[in-house]
Amino acid sequence: NAKSSGRGTYKRFDVAMHAQLQAHQQVKIALRGALERNEFELHYQPLVSLSSRRVTGCEALLRWRNPERGMVAPSEFIPIAEETGLIVPIGEWILNQACRQAAQWPEHVSIAINLSPVQFKHRNLVKAVADALSASRLTPARLQLEITESVLLDESEHNLQLLQELRSLGVKIAMDDFGTGYSSLGYLRTFPFDKIKVDQAFVRDLPHGRESLAIVKAVAGLGHSLGMTTTIEGIETEDQLAIVNAEGFHEVQGYIFSRPLPASEVSKLIDGPLEKGGASPVYERFANS
Ligand code: C2E
Ligand code: MG
Ligand code: MG
Ligand code: MG
């Protein structure tokens, strides 16, 4: 009857919850010391200029290779690294590693690094960025810091000041995952971002999604009138590429040109001619997915 099946449902729910909590706990434990054990690496995904069809920069994307778990996806461990505060030392490692790598690339190729809201709240951020720049001797203008609007949700005066301070180091500031939060537009008014990166959510149903198309068009126009570089992520097909090209986006990032790659592989794309669908998916196989 309804009552007993109801109880059964709760029980199953409890079991699932328990398993989830346990998995979470295990990731937490495994993450501790992962930095010291050298389990992190960075992969780099090219940003491609639509006018020149050359690689203008790469986004550093964190990868965790754990001996027991294999390659763990960022979505599985970054939230836990944030919750535990481990993202702060990991984030400093990323800054240093990525800047040193980028310093090996030609001067016209930049490096984009994701900043977690937790790093943003940490008082050491400006110094950490400045230190990574001076240790690598990377030209500051080649460093782009990607932030999502979740970074800016509170203490807006303080946040604006922090953005200004970062910018005064000479780095560029990009708004990542544009359109996924609820006040993306408001932030464009309060802070002059150098770049807007449209989230891949608006690309997924192109070329057919009318709403997505309208939004993509609007952002391209907005970027041009505000003098910001416009980038769009998650481009996988020729049709999608044709649309964002027609709308006048400056650059794209997506599997159509390349998946995120280890440094040794991405440098071939930086130096050589770019072929569509060039990179093998072998580098992007995560455990449990
Ligand atoms: P994001 O910053 O928006 O990064 C773009 C994500 O889209 C990456 O996933 C990338 O692999 C994926 N992607 C790029 N092109 C395509 C495509 O054509 N199709 C599809 N389906 N996906 C594509 P990834 O590496 O799994 O990272 C997920 C998120 O984790 C990132 O989103 C970012 O928010 C976070 N993350 C990754 N690395 C770092 C890091 O070093 N630090 C911090 N704080 N967050 C990071
Ligand atoms: Mg990003
Ligand atoms: Mg993004
Ligand atoms: Mg995104």
Side-chain angles (χ1 to χ4, degrees), residues 31 34-35 39-48 57-65 71-99 101-102 110-122 125 128-129 132 143-151 172-181 184 193 195-206 231-241 244 251-262 266 276-279 281 283-289:
L31 260 184
L35 193 57
E39 293 176 3
F40 293 112
E41 51 193 84
L42 290 177
H43 282 191
Y44 300 90
Q45 188 179 30
L47 294 150
V48 177
C58 295
E59 178 176 12
L61 294 159
L62 185 61
R63 299 294 180 255
W64 179 25
R65 200 188 291 276
M71 194 73 119
V72 189
S75 57
E76 276 183 59
F77 70 90
I78 288 180
I80 301 174
E82 289 176 330
E83 180 194 312
T84 54
L86 285 169
I87 194 68
V88 173
I90 296 171
E92 288 180 10
W93 177 85
I94 294 167
L95 276 165
N96 280 295
Q97 182 78 7
C99 288
Q101 183 57 56
S110 57
I111 178 80
I113 297 176
N114 293 285
L115 289 186
S116 150
V118 176
Q119 280 177 282
F120 205 79
K121 288 201 180 72
H122 197 264
L125 178 63
V129 173
L143 174 58
Q144 302 171 1
L145 300 175
E146 296 194 356
I147 63 169
T148 57
E149 66 188 272
S150 64
V151 160
K172 308 285 183 200
I173 312 282
M175 175 171 271
D176 201 2
D177 297 341
F178 186 82
T180 55
S184 307
F193 288 87
K195 176 184 281 195
I196 321 178
K197 263 183 114 169
V198 176
D199 194 70
Q200 61 189 65
F202 299 99
V203 175
R204 233 168 271 143
D205 59 347
L206 291 183
T231 305
I232 188 156
E233 63 183 29
I235 303 295
E236 294 182 355
T237 69
E238 289 287 350
D239 283 350
Q240 294 168 343
L241 186 64
V244 300
E251 54 180 30
V252 302
Q253 180 179 3
Y255 294 172
I256 191 166
F257 287 116
S258 174
R259 300 196 174 227
L261 298 170
V266 88
K276 284 195 206 105
Y283 298 109
E284 283 297 285
R285 226 163 263 148
F286 294 112
N288 313 334
S289 59

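Order of appearance sets the numbers: ligands from 1, and atoms from 1 within every ligand. All residue numbers refer to positions in the sequence shown, counting from 1.
If you number the atoms of ligand 1 from 1 as listed, the ones under 4.0 Å from a heavy atom of Q45 come out as 10 (C), 14 (C), 15 (N). In the vicinity of G254, heavy-atom distances shorter than 4.0 Å reach the ligand 1 atoms 15 (N), 18 (O).
Using a 4.0 Å cutoff on heavy atoms, H43 does not count as a contact of ligand 1. Not a single heavy atom of A73 sits less than 4.0 Å from an atom of ligand 1. Heavy atoms of G234 approach ligand 1 to within less than 4.0 angstrom.
Taken from OH in Y44 to CG in L61, the straight-line distance is 10.0 Å, to the nearest 0.5 Å. Within the model, atoms CG of L47 and CD of Q144 stand 6.5 Å from one another, a figure rounded to the nearest 0.5 Å. Interatomic distance, I147 CD1 to F193 CZ, rounded to the nearest 0.5 Å: 4.5 Å. Between the CE atom in M71 and the CZ atom in F286 there is a gap of 6.5 Å [rounded to 0.5 Å].
Counting heavy atoms under 4.0 Å from ligand 1, residue I235 touches it through the backbone alone. In I256, neither the side chain nor the backbone holds a heavy atom less than 4.0 Å from any atom of ligand 1. Proximity of E59 to ligand 1, defined as any heavy-atom pair under 4.0 Å, is confined to the side chain (atoms from C-beta onward).
With sequence neighbours left out, Q101 forms a side-chain hydrogen bond (donor to acceptor under 3.5 Å, both in side chains) with no residue at all.
With atom 21 (N) of ligand 1 as the reference point, the heavy atom nearest to it among E146, E236, Q240 is part of E236. Heavy-atom proximity to atom 27 (O) of ligand 1, evaluated over S116, P74, A201, is greatest for P74. Among Q200, Q119, E233, the residue whose heavy atom lies nearest to atom 7 (O) of ligand 1 is Q200.
For D199 atom OD1 and D177 atom OD1, the angle they make at the Mg ion (ligand 4) is roughly 70°, to 10 degrees. Remark: at the Mg ion (ligand 2), atom OE2 from E59 and atom OE1 from E146 enclose 90°, rounded to the nearest 10 degrees.
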For a quick test of your reading: what N or O donor-acceptor pairs under 3.5 Å do the side chains of residues 86-97 make, sequence neighbours left out?
from: E92; atom 1: OE2; to: N124; atom 2: ND2; distance (Å): 3.2
from: N96; atom 1: ND2; to: E92; atom 2: O; distance (Å): 2.9

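Taking 4.0 Å as the cut-off between side-chain N and carboxylate O, K172 and E146 do not count as a salt-bridged pair.
The minimum distance between the Mg ion (ligand 4) and any N, O or S atom of E233 involves atom OE2. Shortest distance from the Mg ion (ligand 2) to D176 is reached at OD2 (N/O/S atoms only).
For ligand 1, the polar-atom distance check against L62 finds a nitrogen or oxygen pair separated by under 3.5 Å. Considering backbone and side-chain N/O of D199, none are found under 3.5 Å from N/O of ligand 1. Ligand 1 has an N or O atom lying under 3.5 Å from an N or O atom of D177, backbone or side chain. The shortest N/O to N/O separation between E82 and ligand 1 does not fall below 3.5 Å.
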### Task
Begin from the C-alpha positions of E236 and R259 and carry the test salt bridge (charged side-chain N to carboxylate O under 4.0 Å, His left out) through to its verdict.
CA-CA 10 Å; E236 294 182 355; R259 300 196 174 227; over 6 Å; no
### Audit row: V198, T231, side-chain contact (heavy atoms from CB on, under 4.5 Å) steps and yes/no
CA-CA 6 Å; V198 176; T231 305; over 6 Å; no
### Task
Check the pair Q253, Q45 against side chain to side chain donor-acceptor pair (under 3.5 Å), reporting the backbone distance first and the verdict last.
CA-CA 7 Å; Q253 180 179 3; Q45 188 179 30; 2.8 Å; yes
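A perpendicular orientation is assigned to the rings of F77 and W64, their planes being inclined by more than 60° (bins at 30° and 60°).
A side-chain N or O of E41 and one of H43 form a donor-acceptor pair less than 3.5 Å apart.
Among the atoms of N114, an N, O or S atom falls under 2.8 Å from the Mg ion (ligand 2).
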